[in-house]
Amino acid sequence: MIKYKFDVSKVKRLMFEHDITKKDLAAATGMSESQTYRMLNGTVSPKATTICAIAGLLEQNPGVLFADVDEMPVARPARRLATRSTTNE
């Protein structure tokens, strides 16, 4: 099972920027208000479908809601390995 780190601080910041309340978030995700509060306090992790609902409400790509997505290194193109000569001179 793959573990992920849901970034609650990013969700809270985006909620503030979009003027979305905890009640709005609960209604959009289908979660109870108490479950929403626990998620925003970091005591429970949301399901994938909940993350997608949150991302839609916040008008974001779901990947933005995970920690360190912005800091992930960019993949470098593969380098060609030099071939060794097998002949001795």
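Along the sequence shown, the residues carry numbers beginning at 1.
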Novice: What are the two closest non-hydrogen atoms of Ala28 and Ala53, and how far apart are they?
Specialist: O-CB, 4.0 Å

Novice: Does a side-chain heavy-atom distance below 4.5 Å link Thr29 with Gln35?
Specialist: no

Novice: Nearest 0.5 angstrom please: Phe6 CZ to Ile54 CD1, how far?
Specialist: 4.0 Å

Novice: Could you grab the distance from atom CD1 of Ile20 to atom CG of Leu58, nearest 0.5 Å is fine?
Specialist: 4.5 Å

Novice: Would you say that more than 12 heavy atoms from the other residues, nucleotides or ligands in this model lie under 6.0 Å from the CG of Asn41, or not?
Specialist: yes

Novice: Keeping the roles fixed (side chain from Asn61, backbone from Gly63), state whether a donor-acceptor pair exists under 3.5 Å.
Specialist: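 Such a contact is found between Asn61 side chain and Gly63 backbone.
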
Novice: Do Leu14 and Leu65 have side chains that get closer than 4.5 Å, going by heavy atoms?
Specialist: yes

Novice: Could you state whether Met15 and Tyr37 fall into the same hydrophobic cluster, counting links through intermediate Ile, Leu, Val, Met, Phe, Trp or Tyr residues with side-chain heavy atoms under 4.5 angstrom apart?
Specialist: no

Novice: Ignoring hydrogens and geometry, is there a side-chain-to-backbone donor-acceptor pair from Lys12 to Leu40 under 3.5 Å?
Specialist: yes

Novice: Atom CD of Glu17 and atom CD of Gln60: how far apart are they, to the nearest 0.5 Å?
Specialist: 8.0 Å

Novice: Check whether Thr43 reaches the backbone of Arg38 with its side chain - one donor and one acceptor, N or O, closer than 3.5 Å.
Specialist: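 Yes, because the side chain of Thr43 sits within donor-acceptor range (under 3.5 Å) of the backbone of Arg38.
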
Novice: Evaluate the side-chain proximity of Glu33 to Lys22: yes if any heavy-atom separation is below 4.5 Å, no if none is.
Specialist: no

